[in-house]
Trainee: 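Following this message is one structure expressed as structure tokens.
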2 protein chains.
Amino acid sequence: MISQTAEYALRAMVCLASRETEALPGHAIAQITQVPASYLHKIMKQLVSSELVSSQRGPSGGFRLTRPSSDISVLDVIMAVDPIKRISHCPLNLPEHAHSLCPLHRRIDDTIGQTCEAFSQTSLQSMVESLP
Amino acid sequence: MISQTAEYALRAMVCLASRETEALPGHAIAQITQVPASYLHKIMKQLVSSELVSSQRGPSGGFRLTRPSSDISVLDVIMAVDPIKRISHCPLNLPEHAHSLCPLHRRIDDTIGQTCEAFSQTSLQSMVESLP
DNA sequence: AGATATATAGATGTCAATATCCATTATGCT
DNA sequence: AGCATAATGGATATTGACATCTATATATCT
């Protein structure tokens, strides 16, 4: 459903949301979220470049959210690390389906849309109790 | 959202649904659905062993649905080739979450549930116009 | 029985996601 | 200035999904 990478990113973001004031270093996030530290760094980089998170090097540095956790959705996080792709044209490339999806892909894409909608309506704030 | 394998399986099943009486050989399904023939065989084997499809060897053999297409859902097909896994316990293994999911995983699993529900309510019959 | 058409089985190859490691750069502290 | 802390970047495994190939078993037809 969602990739391992997205799962890790969400854990990290919920972790940051639960400590909104401090800057948390990567190794601390890794320990709390149980994400492999070296892989987490890759993911944090993506979150920084999509501007959901800011980073600060050096002692007492680390990561923190750029926006209030109430203003970041699960979908924001997923799209930053592992974009959900909508089906915009029928993969069979049939001429009949050039301008509207066939029923099969229409149905699948509708469901993808529902999922995006559900994830966009859940903020990080509402999940803050998730981590110790 | 759904794997390539599930997408292929759905195309094959819709193809069979649109020709409910005849037995279609694998190479014909592959051509119509644009699925790589040798990989399709692997998928058909899974569909046969989950009893959504029956097979017949030899000349004028092939594959056909075991049930009316109105009685097979998209979810049936997906579960046969690439089971959607529900989240039954928090992957962090925290003692606090031993018996109920944390908000993050609760939310994700609810969404998975919605998706399953949507797919279970769509029959192959309703998508028969999908293929030539 | 022989020829042909078809599914089945198993071995193997390819590639992207996942994960690790090491060197480098930036920052704050004493 | 020098040291410790932390992010960043790049090279390199590892793994599982996807795909291909070849050989074999089974059925139909003449």
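The sequence lines fix the lettering, A, B, ..., with proteins before strands; numbering per chain opens at 1. The basis for the numbers below is simple: all heavy atoms, side chains too, and nothing from hydrogens, waters or symmetry mates. Every value quoted in this text rests on a predicted model; they were computed, and no experiment measured them.
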Trainee: Apply the side-chain contact (heavy atoms from CB on, under 4.5 Å) test between B:R11 and each candidate in B:I29, B:T33, B:L40, B:V77; give the one that qualifies.
Mentor: B:T33
Trainee: How long is the line joining CG of B:L47 and P of C:dA7, in whole Å?
Mentor: 13 Å
Trainee: Polar-atom pairs under 3.5 Å, protein N or O versus N or O of nucleotides 10-14 of chain D: list them with distances, or write none.
Mentor:
residue, atom, partner, partner atom, Å
D:dA11, N6, A:K42, NZ, 2.9

Trainee: Does anything in residues 108-122 of chain B pair up under salt bridge (charged side-chain N to carboxylate O under 4.0 Å, His left out), and if so which pairs, sequence neighbours excluded?
Mentor: B:R86-B:D109, B:R106-B:D109, B:R106-B:D110
Trainee: Would you give the length of the straight line joining atom CD of A:Q31 to atom CG of A:L24, rounded to the nearest 0.5 angstrom?
Mentor: 11.0 Å
Trainee: Start at the 5' end of DNA chain C and walk down; is the nucleotide closest to A:P36 or to B:H27 reached first?
Mentor: B:H27
Trainee: Kindly say whether B:T122 contributes a backbone atom to a donor-acceptor pair with the side chain of B:S73 at under 3.5 angstrom?
Mentor: no
Trainee: Angle between the two end axes of the helix from C:dA1-D:dT30 to C:dT30-D:dA1, five base pairs per end, rounded to 10 degrees?
Mentor: 10°
Trainee: When rounded to the nearest 0.5 angstrom, what distance separates CE in B:M127 from NE2 in A:H105?
Mentor: 9.5 Å
Trainee: Please determine whether a side-chain nitrogen or oxygen atom of A:S55 lies at a distance below 4.0 Å from atom OP1 or OP2 of D:dT8.
Mentor: yes
Trainee: Rounded to the Å, how far apart are A:I43 CD1 and D:dG9 C1'?
Mentor: 16 Å
Trainee: Classify every nucleotide of nucleotides 23-30 of chain C by which part a protein heavy atom approaches to under 4.0 Å, writing B for the base, S for the sugar-phosphate alone and - for neither, in 5'-to-3' order.
Mentor: --BSBB--
Trainee: Scan side-chain atoms only and decide if A:T5 and A:D82 contain a donor-acceptor pair under the 3.5 Å cut-off.
Mentor: no
Trainee: When rounded to the nearest 0.5 angstrom, what distance separates OG1 in B:T115 from CE in A:M1?
Mentor: 3.5 Å
Trainee: Please round to the nearest 0.5 Å and tell me the distance separating atom CD1 of B:I78 and atom CD1 of B:I84.
Mentor: 5.0 Å
Trainee: Could you check A:Q4 against B:H41 and say which one's nearest nucleotide on DNA chain C is further toward the 5' end?
Mentor: B:H41
Trainee: Against B:F119, only a single residue in B:V74, B:L10, B:D76 fulfils side-chain contact (heavy atoms from CB on, under 4.5 Å); can you say which?
Mentor: B:V74
Trainee: List the atom of A:V81, the atom of A:Q46, and the distance in Å for their closest heavy-atom pair.
Mentor: O-NE2, 3.6 Å
Trainee: Which part of the nucleic acid, if any, lies within contact of B:S38, taking any heavy atom under 4.0 Å across all strands shown: a base, the sugar-phosphate backbone alone, or nothing?
Mentor: base
Trainee: Can you sort out which residues in residues 77-85 of chain A have a heavy atom within less than 4.0 Å of DNA chain D? Ascending by number, please.
Mentor: none
Trainee: Could you state the atom-to-atom distance from CD of B:Q46 to P of D:dA19 in whole Å?
Mentor: 13 Å
Trainee: Please check the phosphate of D:dC18 (OP1 and OP2 only) for any side-chain N or O of B:Y8 closer than 4.0 Å.
Mentor: no
Trainee: Tell me the interatomic distance from B:Y39, atom OH, to C:dT12, atom C1', rounded to whole angstroms.
Mentor: 15 Å
Trainee: Where do A:E51 and A:T66 come nearest, in terms of heavy atoms and distance?
Mentor: O-OG1, 2.8 Å
Trainee: Identify all side-chain donor-acceptor contacts of residues 58-65 of chain B below 3.5 Å with residues at least two apart in sequence or on another chain.
Mentor:
residue, atom, partner, partner atom, Å
B:R64, NH1, B:T21, O, 2.9

Trainee: Nearest-Å distance, CG (B:L24) to C1' (C:dA7)?
Mentor: 14 Å
Trainee: Below the 4.0 Å mark, does D:dC18 have OP1 or OP2 next to a side-chain nitrogen or oxygen of B:T5?
Mentor: yes
Trainee: Can you see which heavy atom on B:I43 is nearest to which on B:A9, and at what distance?
Mentor: CG2-CB, 3.7 Å
Trainee: Return the value, rounded to whole Å, for the distance between atom CE of B:M44 and atom C1' of D:dA19.
Mentor: 17 Å
Trainee: If you round to the nearest 0.5 Å, how far is CD1 of A:I108 from CD1 of B:I2?
Mentor: 4.0 Å
Trainee: Rounded to the nearest Å, what distance is computed from the CG atom of residue A:L40 to the P atom of nucleotide D:dA6?
Mentor: 14 Å
